[in-house]
Amino acid sequence: MASVYVEELGRHIGTEVLIQGWLYNKRSSGRVRFVLVRDGTGIVQGVVTPDADPRTFELAEALPQEASLRMWGTVRAEPRAPGGVEVAVRRLEPVHIPSTPFPIGLKEHGPGFLMDHRHLWIRMRRQVPLLRIRDAVLWAIRAFFRERGFVATEAPVLVGTAVEGTTTLFPLDYFGAPAYLSQSGQLYLEATCMALGKVYWIGPVFRAEKSKTRRHLTEFWMAEAEQAFLDHEGNLALQEALVRYVVEAVVAERARELGELERDPEALREEVAGPFPRVTYHEAVEVVRKAGVLMEVGDDFGAPAEDALSAHFGRPVFVERFPAAIKPFYMKRDPAHPDLALCADLIAPEGYGEIIGGSQRVDTEEELLAQLREARLPEEPYRWYLDLRRWGSVPHAGFGLGVERTVQWIAGIPHIREAIPFPRTLERLYP
RNA sequence: UCCCCGGUAGCUCAGUUGGCAGAGCAGCCGGCUGUUAACCGGCGGGCCGGAGGUUCGAGUCCUCCCCGGGGAGCCA
């Protein structure tokens, strides 16, 4: 008999099926025993009565949590069941019976304990739907870019040049030469977009920031896009379309999982329904100050400032045209205001922080040399990058979207460490 | 790097002005024919993070260290 996944059971009502999975929980009321079996797509309750064979009836009482098993039985509609169906069990067959109790119970645990057992924690309620939502976010990003003719490409993870400041790089020894783990694939995407027109990649990037907050990881995934002949305005339109597309796709494909996380899909939809508000850096500073958060013009937005913006607009909001002095060297200046950069950050609603940073890039060698000098960066490591401005340079723009922050926002979870299977944080490299 | 909170049973925690180490869950044994983190009865389970100090006496007070969590700065 071919096996069936829990998520498909609704199509098999009245027939006998085989389910292969793990024992999530069991309950007993004397002569009626209940086994909750999970298989990655969902959890279903099997009902075992003395009508089943004696071995099966005994197993329903004796199997410990996380025993792996095969379960044969008839699917029936059951209004009391969370998924609407349950299985009248004919036979249980263990695949592996643990000899020691599973460390993670169904009651509360502390974050330290759970993180020590992350490799097992990912099997539990909340973690499974969360990782399924992450999957949907990643597929939606790929689908969006594919529909628009972007070419999926790759940037190296081992690099010899820093994109941003060198203090946040992980250094390593590359056969005796200094090298780093990449903080961003952007510079390389600028090169590939001159070859392929419009490109994107999704990959891991690394920041050696000593950040201990609920929205930081040292290793996280970025979805970065770069398009030739795209200007600042077009860049914002692209980002807005992407974020709306991703939210709509996740709401459509993972409504059940959002429900399991008690995330209201309609509230999410509403947040991305209309055009995203846009404010300039200077307007944003005013909003933040009126909200009572102290900051000076010329400062970057801290977490309290982002939260104030987020609370004020209640939807994703673009903050554009930051002072060039607080932004990286590769951003093009606003021709009307040379002290401002043609850039924007997208701040997620509900205090989830910045999820996108993007800009139009410098497109002449002279400007780039001048801005490298202003940033006190050496010219030599950027020789190849300067080359891009020597042969057929064009206006171009792009952005990077933080995948985990996006998952965190869409899933509505308080801590970013649950938005990736194996988070890397300041004090944690294991498991 | 700085600030705040915490570390007691496998897990989550309580532990009074310093005076015999506790509960719930998990485990084991038993009960219950519809349970939804089921419920009911019983049993076992401790280097109170580590070192030093104060004291007749320290889980409790003091000092230092280690570990975890939250936040700042920085960032997506």
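Numbers restart at 1 for each chain; the letters A, B, ... are given by sequence-line order, proteins then strands. What you see is a predicted model; the values in this text were computed from it and never measured.
Annotation: of the two residues near RNA chain B, A:P82 and A:P103, the 5′-most nearest-nucleotide partner is A:P103. Position along RNA chain B of the nearest nucleotide to A:G110 versus A:V32 favours A:G110 as the more 5'-ward residue.
Rounded to an integer number of Å, the gap from CD of A:Q408 to P of B:C75 is 19 Å. Atom P of nucleotide B:A76 and atom CD of A:E354 are separated by 5 Å, given to the nearest angstrom. The distance from atom CD of A:Q186 to atom P of B:A76 is 10 Å, rounded to the nearest whole Å. One can place CZ of A:R118 at 17 Å from P of B:G68, the figure rounded to the nearest angstrom. Taking atom CG of residue A:L181 and atom P of nucleotide B:C75, one finds them 20 Å apart after rounding to whole Å. The interatomic distance linking A:I326 (CD1) with B:A76 (P) rounds to 11 Å, in whole Å. Across the protein-nucleic acid pair, A:W409 atom CH2 and B:A76 atom P stand 17 Å apart, rounded to whole Å.
Rounded to the nearest Å, the gap between the P atom of B:A23 and that of B:G30 is 23 Å. Taking atom P in both B:G7 and B:G59, the straight-line distance is 15 Å, to the nearest Å. Comparing the same atom, P, in B:A37 and in B:C75 gives a spacing of 44 Å after rounding to whole Å. On the C1' atoms, B:C28 is 32 Å away from B:G68, given to the nearest whole Å. Separation of the C1' atoms belonging to B:G44 and B:C5 is 34 Å when rounded to the nearest angstrom. Using atom P as the reference point in both B:C48 and B:A21, the two lie 11 Å apart (nearest Å). Distance noted for atom C1' between B:C56 and B:A51: 23 Å (whole Å). Comparing the C1' positions of B:G6 and B:G49 gives an interatomic distance of 11 Å, to the nearest angstrom.
Applying the ring pair (Phe, Tyr, Trp, His ring centres under 6.0 Å) rule to pairs touching residues 101-129 of chain A yields A:H109-A:F113, A:F113-A:H117, sequence neighbours excluded. Under the salt bridge (charged side-chain N to carboxylate O under 4.0 Å, His left out) criterion, the residue pairs touching residues 401-426 of chain A are A:R134-A:E404, with sequence neighbours excluded.
Listed nucleotides B:C75, B:U12, B:A37 differ in distance to A:F113; the shortest reach to its side chain belongs to B:U12. For A:D300, the listed nucleotide lying nearest its side chain is B:C75; candidates were B:C75, B:A37, B:G34. Comparing B:A37, B:C75, B:C11 against the side chain of A:H109 picks out B:C11 as the nearest. With B:C75, B:G68, B:U35 as the choices, the nucleotide that has an atom nearest any side-chain atom of A:R428 turns out to be B:G68.
Here the side chains of A:V87 and A:M71 are in contact, with some heavy-atom distance below 4.5 Å. Contact check for A:L261 versus A:R126: side-chain heavy atoms found under the 4.5 Å cut-off.
At a threshold of 4.0 angstrom between heavy atoms, the contacts of A:I356 are confined to the sugar-phosphate backbone, with no base atom among them.
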Between protein and nucleic acid, restricted to nucleotides 25-32 of chain B and to nitrogen or oxygen atoms under 3.5 Å apart, what atom pairs and distances do you find?
unit_1, atom_1, unit_2, atom_2, d
B:C32, N3, A:G30, N, 3.2
B:C32, N4, A:S28, OG, 3.2

Can you check nucleotides 70-73 of chain B for protein contacts, nitrogen or oxygen pairs under 3.5 Å, and list what you find?
unit_1, atom_1, unit_2, atom_2, d
B:G70, OP1, A:H415, NE2, 2.7
B:G70, OP1, A:R417, NH1, 3.0
B:G70, OP1, A:R417, NH2, 3.2
B:G70, O3', A:R214, NH2, 3.1
B:G71, OP1, A:R214, NE, 2.1
B:G71, OP1, A:R214, NH2, 2.9
B:G71, OP2, A:R214, N, 2.8
B:G71, N7, A:K212, O, 2.9
B:A72, N6, A:K210, O, 3.3
B:G73, O6, A:S211, OG, 3.2
B:G73, N1, A:K210, O, 3.1
B:G73, N2, A:K210, O, 3.4

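A:D363 approaches A:K332 most closely through the heavy-atom pair OD1-NZ, 3.3 Å. Of all heavy-atom pairs between A:P423 and A:M115, the closest is CG-CE, 3.4 Å.
Stacking of A:R215 on the aromatic ring of A:Y352 is not recorded, the 6.0 Å distance cut-off and the 45° axial limit not both being met.
One side chain, A:E190 or A:H396, offers a donor N or O that lies under 3.5 Å from an acceptor on the other.
A:F329 and A:Y382 have their aromatic ring centers within a separation under 6.0 angstrom.
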Verify ring-ring contact (aromatic ring centres under 6.0 Å, His included) between A:F150 and A:Y200, making sure each step is shown before the conclusion. CA-CA 6 Å; A:F150 280 69; A:Y200 78 99; 7.0 Å; no
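Screening A:R27, A:K26, A:E78 for a side chain to side chain donor-acceptor pair (under 3.5 Å) involving A:Q45 leaves a single residue, A:R27.
For A:F34 and B:G34, the ring-to-base geometry does not satisfy the stacking test (centroid distance below 5.5 Å, interplanar angle below 30°).
At least one donor-acceptor pair under 3.5 Å links the side chain of A:S68 to the backbone N or O of A:H96.
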With a cut-off of 3.5 Å and sequence neighbours excluded, list every side-chain donor-acceptor pair involving residues 286-305 of chain A.
unit_1, atom_1, unit_2, atom_2, d
A:R289, NE, A:M295, O, 2.9
A:R289, NH2, A:M295, O, 3.2
A:D299, OD2, A:E296, N, 3.1

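Helical stems in RNA chain B, defined as runs of 3 or more consecutive Watson-Crick or G-U wobble pairs with both donor-acceptor distances under 3.5 Å, are listed by first residue as B:1-7 with B:66-72, B:10-13 with B:22-25, B:27-31 with B:39-43, B:49-53 with B:61-65.
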